[in-house]
Each structure stands twice: as C-alpha cells, then as structure tokens.
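Start at 1 with the first residue, then count along the sequence.
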Amino acid sequence: MTTLKQHLYEHICHYCDRQMLSIGKDEVLEDFEELIERIFAPESLGGFKQLIQLIVHVRNISSRSAESIMKDLHWAPYIFDALYKFSFEVDDKSINNEYYRNSYHKGWCSEYPFYVVLLKSHEYQFTIKSCELLAAFIKHYYSVLDTLRDKELARESSTREEDACANFRLFMKTNVAEFNSVREAIPKTPLDTPMSIANQLDKYLNDQEHWPYLAHKNYLRMLSHFFSNDWKSPKHISRKRLPFERVPKRYAEPIAVPIVGAHDDIFTLIPNEPLIPNSEGLDEDDQYVTQAFVVNNRDVNTKRDKTELLDTAIPFNKRIQARTSVDVTAKVRRSHNMGLQNTQLLMPEELNLLISKLIKLGNQQSNLETAIVIWMMMLLSKSIADIQNLVVFNDLAKKQQGLYIDEHERGWWFFYVIHSAKSRLDNVGLIEVKEEVFTACPDFLLRLIKANLGKRTSGPVINETDNQVITDNITQKLKKLSDRHSSGRLSVRRLVNFISYYLNSTDVIDPIFIDYSYAVNMYTTRVARSYANVSDHYRCQQLNKLWQSVEKDIERHSGKPLPISLFNFRNFCQEDQFIGSSFTPTKSAVSTLIDTLTRRVNLSQPSFHHRLVDIIDYHNAFTAYTAWMLLFGTGYRAAWNPLQTFALFVPSLNLMGISDKDDSDYSHSRIVAVPNVLTSQLIEYKRHLGCLRSLLRVLIPKLCSTIDNIVAVDQHVLGFNHSQASQWYKVIRNSRKEQGPFFFFHQQGSSVVAKNLSPSELVNYCRNEIVLPSNAGRHWLKSHLLEKNVASELINFQMGHWQAGEVPLGHYSSLSHIDAINDIVPVLDELFEEAGWVQLKSVIS
C-alpha cells in the first residue's frame, strides 16, 4: 500500500470510529480498493482531492447527476463524507501536494485516460446539461470498456479509450460558442439513452454549416462514435512532411474571472495550482497579500528616452475614438470601490419605476418569464447564465440549487455553502456547520414562477434555454423603460450588482450574509468568507433588515408603501443551525480552553525557593495563557512569534501594530484594537519578563540580555530614522529566528533554551484537555463581531480583510484609526467578559 493510500485509509477508518458507523477496517479497505480499481487510479493516487471536488461541483448544480456518478464509480457515501467533511492533512508536505495536485504526470493520458477525465474536472464548464452529459459519459464508459480497449480498433498512436476520454475532456473544458450551445442542449433529458445522445450530436454536427476551427467539430464526432459505440478500424495514411516544417507553439490562456461590480473588461487572474489549506484552516494565499495592478504595457524597469517617439494611431471614426479612449482611473475606481451611487446604484426613483413596471409585466403572460428573470437578477444577484442553472424541486431527497416548494406551497431558495478549508478529525469543541441554506422566496415571486411553470412541478426555473434570447428581451425592456421615463440607464449589470452597490453604499448589513444565502461572491477576496460563522436565524434577520431598508427608501421617495414585500421573514428550520467557518469554537470550548490555561498557571506556581524547573513550567503556562488571549482579542492569524515586539503595542490608545500577513512593502501591516483586559494582561506579561530576567541572570545570562532588549525596546527604537526603522522592522516581523516576547523554555539535557512560540506548540500545550486550531480565536472574533452587528468596515479593519484599493494605513486614507478603535474596543470588552477572559497576575512579578 502506497504512503498516500495508507494515510487516506487511516483517515477514513478514523472517521468511521468518530461517527460510530460500525464499519470494520476490513470493509473500509475493501470499499476503498474497489473505488480505486473502478476509477483506474495510478498507484500514487495523485490528485485524488480533485475527485472529491468533482462530486461537489456537480452536486451544486445537479444532485441527480452527482448521485449517478457516485453510483457508477462504486463510491461508498461514507468514504466521500470522510474526505469531504474533514480536512486530510499529514506531516509530509510531499504527500499533501500529491493529494491536492490538479495536474497529471507524464504518460497518464495514455495509461490512465479515464482518471485524467476525473482529475481535470476543475477546468470544466458546468451547467445542468453538461453535468447530465458527464454522468451519461461515465455510465456508458463502463458498458463499452471492452470495445474502447480493443487493440484491433486502436489507432497507431492511441486507443479508442484515449480518444474518447481526451476528446470529452477537451470538449468539457474548451469555452467556445459552439460547445457552449451543445452543453446547454444535450442531452434532452437525464434518461436519454447513449444512442439518443449520439443522434443528437450527429444532428447538431449536420445542422452546423460553418465551424471556425475543424478540431472543435472533430471533438463532437469522436463523442458521437463513443455514445453510438460504432468504432471502426482506423485507416493509416502516410503523409509526407518537410524535414524542417515549423509548427507554431500553443500557449494556454490565463484563467480569469470577473470582479463583482467592476467594468466588464476587468478580470481577476486566478492561479492554476490549487490552494492547499493547512491543518489550521489557513489557506496558502492567506499568508501573502494579493495586489491588483494597472500596467500600461511598458517595461517599468527602464527609463524612457525623452527623445523617443511613441507609436501613434489616429482613428478618424468617432465611434472608434469613443470606444478606444479608456479612462483607466475611472475603471480602477469602479473595480475597487463599488458603491458609486451617482452612476451605478439603482436610486429610489429608479427602483420605484422598475418595480412598478415589473408588477405590470408579471400580469402579462407574454412578458411573465422576462419579469421573473429581472426579479431574480435583482433579488438574488444572479446573472442570466446562473439563473438558467436553477431548478424547481419538491423532494428534499433530490435537492439541487434552485427553488424548493414545500408541502405547504411555500417557496425556499436552496444553495450550498462551500469552503475550501475543513476542520480536522482530531479537532474538538468546534461549532458544527451546515452546508445547505434555505432562504424564503417572496410570495409574489413564487406565484409568478408557478404560473410560468404551468403543469410542470420540477425542472429549470426558466423555460427558455437560449441565453441570448433572454438577454435581448431584457435589454430591450430596460432600454424602452429608460427612454420613456428619462431615467438613468437601466442595465443588466446594474440589476445583477444592485445588492453589491447598495451594501457598499449603505453598509446596512455585512455582505457575508448575501454570500451565504445565494451562493454569490460579494467579497472579491476568499479569506473574508473563510472566517465567518453565523447563525441561520440571524442570517434571516439580517436579510430582512436589508430589504426593509430598501423598501423604506422607496417609500420615502414615492410617499406610499410598496404593494409587494421583497422578502418574507421566516425560518426553514425551527432549530437554529450555523453556517460558514468550521473552525469556530463553541462557547463551552472557549470556556474549557480558558479554564485549562488558568488551571495550568495556578498549578505551576513556583515554590518559595523558585527552583529552575518550577520557573520554566510557570513561564510556559503564563505565556500560553497570554498568547491565546492575544489571538482571541486581536484576530491574529496562526503565525510564529506573535507580537514580534512590544514597540508595536501602545496601551494608552488600546492599539497594536501587527504583521501576520505581509510582503516586502508592508502593504498589509495593520493596526488593530486591543480590549482592555488584554491590554492589562500584556502590561503584566511585560512586567513578568522583567522579573524573569532578574531570576535567571546568573543561570542564563545570554538569554537575559535578549530579554533586556525585548523589555526596553521602546527606548531602543525611538531614536531610529525612517530607513533604520524600516530595516529593523524587516528583521523582526514574523521572524522565527529573532527572539520575540512570546517564547517557551525547553529542557535540552542539562541546559535550557528558549524558542519562539509556534502555532503547533500553542495547540499541543493543552492537547490533553482540548484541541483547537491555533487560529480558532480569529474565527471566533470575526463571527462574534458579526453577531454584535458591528459595521463591516470596522470588522474588515480589525481582521485585515480590506479589498484591493482599501489601505487604511495609506497616506490618502480618510479612516481615523483612533475613532475606529474607540468604536471597536467596547464591543471587544463585552465579548471578553462574556467569554470569561480575565487578567492574571504573575507571581514572580
């Protein structure tokens, strides 16, 4: 058994024991090996994580297709749950990288073609139809496997299995107009036979008069042969080529995703490699800042010759002039600051006009579907393509993202909440989270959707399958409405981004509640979503608060209330559940942690004679208590050597400068608020170090000299100029080598050494009583600040979750740090009092 396979097997067994599933280890091994053999995985199991993600992505769009795929792959549900619900992490980084890899090794396309199809699923263009086609492909693959591997049917360079798998993989990946049309139309139903799918492909091929790229057409031809299983022996034709024929290189296009609220031609580049979360829930990119840059196509490292003549092109067509004149500053402002009320946000007058028109359109059968799509764009922040992937269902056993109609004829929007980081099996005391969210659908919209469905009780919410037809109809309606009433130009973009613009302009609720409710990315950064854990009932309260605010704005403008309600405040489940971060500790777990740390401090108090071993134990216990309090109070990430120097701590202002995620330009260093209890504890800890050096001066003189510099750092740095301060800060920030205030004593033979505090040491210190992730305090703080209804700008200020363009420490920033800290500190004091954090006095100080 290979190393990765062995670790996966042990992980699954551990999961079965924890969940008390009564599944023996022999049965686990048998089911796991059957799965591996079924997917023809390589011995290394490289990229096995991508198979988990495949099921998740398909399930989000079509649960029927996901169930079909799992059944055909002989995938036991408990194996999937073990690898999906909990993070798989081992100490060997090479094993982790192999598990999370998203690329194949050389030779895999010919040796393991079907496994490569599953491995590269993260690149596929998923829609409802493409998920059904993927499920049909996998089912048919096993039924014709003997034919695909028939050597008599193989080509000179590849088998028919390689041909079918490679063409299907490229068909699902390639984003061209012709393929998009096929993926939205084939198969007609999930129950279509393979021959029926082959006929549909043939018909589509014959109907197309012109293909811009012949290879695209050949992809579909290969798939038609696959589904009809009518392969023929290949004809080998020898072609003469020039000995030095040049073949142009082909480069992969960068992966780009649009930015919410940004201009249409502004995108964010995403990496090809997967982001591997570590065992503490800290994603790899969370350690480094991601900055957006505007480059004007010049080499910034060279100085331009003043006599150099620039190439110019003068278009005389006025339309071309208008199209090519780009105001870069305006684009950057729109992409980074999305709340431009004057040009982007739908104002109360426009909202009143639009809603009145939509009510009329809803009463006209010919315009009913158009009205429904516009309502959904505005209320759900969904694009037309996203809306086409939503379905109506009435059976919770077959739930898919879309609209659920319960037995009481009430409508609920259903979406999944997915996070890349999962808690580990050995973590205890964390809030159990749900990944399924039900949100009430407004009654008026439910009536419109039911009327549009007619006799149908399930299937797509929208009858029209052509994206362009829907877009043209909506664009025409909005243009006509804008022209008639001389209002601002209503557009699809303004409708889809209405909630985003409104929240950035009013800050009435935090955008995270929209993220969780409708599976959209209101935040342009992933980490802002990773730390929030919210109550489902509180989420519904916040949504109600948002739409009540919108309705009041319209009422103040029109002078009369809206005839409809934009949100119906009700909960799907009477029992309160939680969604979001799976690393947030429960209230009892925090109490257990505090009690354990406090007890360790009290039990390790040195005797009257102050023996060295007693001093070591007491210092370690006192350091652990203070460090955990620091992480909970400031939102510090899991970092080595937290609080690198007391010079960054200003107790008189309750502020601290920290650098737990930074680059060479310090563009993400930040100032945070410090609660009063933590301020007092840090002052006491500084006094503790001052007395500690006096006790150990004779035994460990070198360390005591270092502690002298730590305690008296203020006098040391006050005389620095700017360059000296920058150099000093570059050395001490996040350093594992430079001794910081937080360190543990370790006994090495007859000597004693001091090592900077690491996240793992902090976790292991109270492992016998409770095991929490080292950044559990950060998750706890973000979640409770949301619960206290703190403004999202202040939360992002404390957590360091500002988006591109928001730099509180920048010279051009208008944020008052003192005012922000004064607003946050009372809330932090209240949270600390509720949790039970208190100041502990050092007995040696």
Engineer: Taking only residues two or more places apart in sequence, or in another chain, which ones meet Arg59 in a salt bridge (Lys or Arg N to Asp or Glu O under 4.0 Å)?
Structural biologist: none
Engineer: Does the Tyr141 side chain pair with the main chain of Ala164, one donor and one acceptor, at a distance under 3.5 Å?
Structural biologist: no
Engineer: Is Asp163 salt-bridged to Arg155, going by a charged N under 4.0 Å from an acidic O?
Structural biologist: yes
Engineer: Rounded to the nearest 0.5 Å, how far does CD1 of Ile405 lie from SG of Cys441?
Structural biologist: 8.5 Å
Engineer: For Tyr124, is the NZ or CZ atom of Arg183 found under 6.0 angstrom from the centre of its six-membered ring and inside 45 degrees of the ring axis?
Structural biologist: no
Engineer: Where the side chain of Arg169 meets the backbone of Lys120, is there a donor-acceptor pair that is under 3.5 Å apart?
Structural biologist: no
Engineer: If you draw a 6.0 Å radius around CG in Asp26, do more than 12 non-hydrogen atoms from other residues or ligands fall strictly inside?
Structural biologist: no
Engineer: So that I can tick it off, tell me whether Arg101 and Glu98 are bridged by a salt bridge, with the cut-off set at under 4.0 angstrom between side-chain N and carboxylate O.
Structural biologist: yes
Engineer: Would you say the side-chain atoms of Gln401 pair up with the backbone N or O of Phe415, donor to acceptor, closer than 3.5 Å?
Structural biologist: no
Engineer: Measure from the side-chain N and O atoms of Lys129 to the backbone N and O of Lys188, and report whether any donor-acceptor pair falls under 3.5 Å.
Structural biologist: yes
Engineer: Atom OH in Tyr104, atom OH in Tyr115: separation rounded to 0.5 Å?
Structural biologist: 14.0 Å
Engineer: So, Tyr84 side chain and Ile55 main chain: donor-acceptor pair closer than 3.5 Å or not?
Structural biologist: no
Engineer: Look at the rings of Phe126 and His57 and say which category their plane angle falls in: under 30° parallel, 30 to 60° tilted, over 60° perpendicular.
Structural biologist: tilted
Engineer: Please report the interatomic distance CG(Leu133) to OG(Ser62), rounded to the nearest 0.5 Å.
Structural biologist: 12.0 Å
Engineer: Answer with yes or no whether the side chains of Thr147 and Asp150 bring together a donor and an acceptor at under 3.5 Å.
Structural biologist: no
Engineer: As a quick check of understanding, evaluate side chain to side chain donor-acceptor pair (under 3.5 Å) for Ser196 and Asn199, giving each step before the final call.
Structural biologist: CA-CA 5 Å; Ser196 174; Asn199 293 335; 5.8 Å; no
Engineer: Look at the aromatic rings of Phe137 and Phe168 and report parallel, tilted or perpendicular, splitting at 30° and 60°.
Structural biologist: parallel
Engineer: Report the distance from atom CG of Asp426 to atom CZ of Arg18, rounding to the nearest 0.5 Å.
Structural biologist: 8.5 Å
Engineer: Should we say atom CD of Glu30 is surrounded by more than 12 heavy atoms from elsewhere, each under 6.0 Å from it?
Structural biologist: no
Engineer: Got a salt bridge between Arg64 and Glu132, using NZ or NE/NH1/NH2 to carboxylate O under 4.0 Å?
Structural biologist: no
